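Read through the structure below, which is laid out as structure tokens, and then see the notes.
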Amino acid sequence: MNTSFRIRRARTADVPSIKQLVAQLAELRILMAKETVAYYEGLQEFRIAEDDGGVLGCGALHVMWEDLAEIRTLATAEEARGRGVGRALVEELLEEARSLGITRVFCLTFEVDFFRKNGFHVMENQSAVDPVVYSELLRSHDEGVAEFLDLARVKPNTLGNTRMIRDL
């Protein structure tokens, strides 16, 4: 892996770069862009990959439940692809999940091969949580939780995406 970059916690000054990374992938319908305020609200979940030239990629870890989190908004600048940036971000986010006591990490992705290489497998159904937790998760307003539960209301946003999970 190329180590000519570093991973760090995101700062407020990174929001424009995060928006730009996501916008490039949103145009390709790989990611969904969010309002600027959403990036600020979730900033503490983000990690940034950077080198001396600037931001190369970003990714966030969103805790969903006691033992469950989601990797979301994983994006790498086109010019940085193939340098191990995405893999390094995933490894950093998985390490963060472990430090929080998370034992399973979910993602919703078009990049199935990438996540498979990083230890994720396709989820077959919602049996990933017991019925009591499922009913609690239904109370969440977070779109990522709705995507994890495969709720009908998020189907138009998730068409073509694959639900994947990794045990830690």
Side-chain angles (χ1 to χ4, degrees), residues 7-12 14-50 55-77 80-81 85-123 126 128-129 137-138 140-151 153-168:
I7 308 287
R8 63 167 173 79
R9 289 187 165 280
R11 298 185 288 259
T12 56
D14 296 316
V15 169
S17 295
I18 293 169
K19 278 191 63 144
Q20 183 179 10
L21 287 168
V22 172
Q24 293 170 0
L25 295 172
E27 285 179 20
L28 301 172
R29 302 183 59 84
I30 293 172
L31 287 179
M32 288 186 60
K34 299 176 185 171
E35 297 296 331
T36 303
V37 68
Y39 295 115
Y40 284 110
E41 289 174 343
L43 191 66
Q44 70 279 5
E45 299 177 347
F46 276 89
R47 298 297 178 271
I48 297 294
E50 68 178 358
V55 174
L56 303 173
C58 65
L61 181 76
H62 180 75
V63 175
M64 297 168 70
W65 197 252
E66 175 184 12
D67 62 340
L68 182 65
E70 177 188 11
I71 288 180
R72 55 173 58 168
T73 320
L74 185 67
T76 302
R81 295 206 180 106
V85 172
R87 177 178 294 272
L89 283 163
V90 168
E91 288 173 5
E92 178 75 18
L93 295 170
L94 293 174
E95 190 54 41
E96 177 69 12
R98 286 183 193 95
S99 75
L100 293 171
I102 301 296
T103 58
R104 297 175 304 150
V105 177
F106 159 79
C107 68
L108 183 69
T109 185
F110 287 108
E111 304 295 335
V112 174
D113 290 339
F114 171 81
F115 278 97
R116 193 171 275 131
K117 288 176 188 172
N118 284 278
F120 287 74
H121 64 273
V122 175
M123 290 177 59
Q126 290 90 337
V129 294
L137 289 174
L138 283 175
S140 174
H141 297 288
D142 185 86
E143 290 298 301
V145 172
E147 291 162 352
F148 172 75
L149 297 176
D150 203 24
L151 300 180
R153 70 178 170 84
V154 295
K155 292 283 189 202
N157 298 337
T158 63
L159 290 177
N161 279 307
T162 300
R163 297 162 64 244
M164 300 183 79
I165 198 160
R166 176 175 169 177
D167 295 314
L168 302 180

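For clarity, every value in this text was computed on a predicted model and none was experimentally measured. Both backbone and side-chain heavy atoms feed into the values below; hydrogens, waters and symmetry mates do not.
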Fill in: Candidate pair Leu31 and Leu21, rule side-chain contact (heavy atoms from CB on, under 4.5 Å), full reasoning
CA-CA 10 Å; Leu31 287 179; Leu21 287 168; over 6 Å; no

Worksheet item: Has the side chain of His121 got a donor or acceptor atom that lies under 3.5 Å from a matching backbone atom of Arg166?
Response: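 Here the side-chain-to-backbone pair does not exist.
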
Discussion item. Quick one: does any side-chain atom of Arg81 pair with a main-chain N or O of Thr76 as donor and acceptor, under 3.5 Å?
Written reply: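 Yes.
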
Contact summary for [X] and [Y], nearest pair of heavy atoms:
| X | Y | result |
| --- | --- | --- |
| Ile102 | Glu66 | CD1-O, 3.8 Å |
| Ala26 | Ala33 | CB-N, 4.0 Å |
| Leu74 | Gly86 | CD1-O, 4.4 Å |

So [Y] and [X], do their side chains get closer than 4.5 Å, heavy atoms only?
| X | Y | value |
| --- | --- | --- |
| Ile48 | Ile18 | yes |
| Lys19 | Thr36 | yes |
| Glu111 | Ile30 | yes |
| Asp14 | Arg8 | yes |
| Leu108 | Arg163 | yes |

Output the distance between atom [atom1] ([X]) and atom [atom2] ([Y]), rounded to the nearest 0.5 Å.
| X | Y | atom1 | atom2 | value |
| --- | --- | --- | --- | --- |
| Gln44 | Leu61 | CD | CG | 11.0 Å |
| Arg9 | Glu92 | CZ | CD | 8.5 Å |
| Glu70 | Cys107 | CD | SG | 8.0 Å |
| Met164 | Arg116 | CE | CZ | 5.0 Å |
| Ser99 | Leu94 | OG | CG | 11.0 Å |
| Arg11 | Ser17 | CZ | OG | 10.5 Å |

Discussion item. Against Phe115, only a single residue in Phe110, Phe106, Phe120 fulfils ring-ring contact (aromatic ring centres under 6.0 Å, His included); can you say which?
Written reply: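 Of the listed options, the one satisfying the test is Phe120.
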
Worksheet item: What residues, two or more places apart in sequence or in another chain, satisfy ring-ring contact (aromatic ring centres under 6.0 Å, His included) together with Phe46?
Response: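 If we apply the ring-ring contact (aromatic ring centres under 6.0 Å, His included) test to Phe46, skipping adjacent residues, there are no hits.
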
Practice prompt. State which residues pass side-chain hydrogen bond (donor to acceptor under 3.5 Å, both in side chains) with Arg47; sequence neighbours excluded, sorted by chain then number.
Written response: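 Per chain and number, Arg47 pairs via side-chain hydrogen bond (donor to acceptor under 3.5 Å, both in side chains) with Glu96.
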
Practice prompt. Kindly write out the residues that satisfy side-chain hydrogen bond (donor to acceptor under 3.5 Å, both in side chains) with Arg98, not counting sequence neighbours, or none if the list is empty.
Written response: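 Arg98: side-chain hydrogen bond (donor to acceptor under 3.5 Å, both in side chains) contacts with Glu95.
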
Practice prompt. Check step by step if side-chain contact (heavy atoms from CB on, under 4.5 Å) holds for Lys34 and Thr73.
Written response: CA-CA 10 Å; Lys34 299 176 185 171; Thr73 320; 3.5 Å; yes

Worksheet entry | Among Thr109, Leu89, Leu93, Asn118, the one residue meeting side-chain contact (heavy atoms from CB on, under 4.5 Å) with Ile71 |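 Among Thr109, Leu89, Leu93, Asn118, the one that satisfies the side-chain contact (heavy atoms from CB on, under 4.5 Å) with Ile71 is Leu93.
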
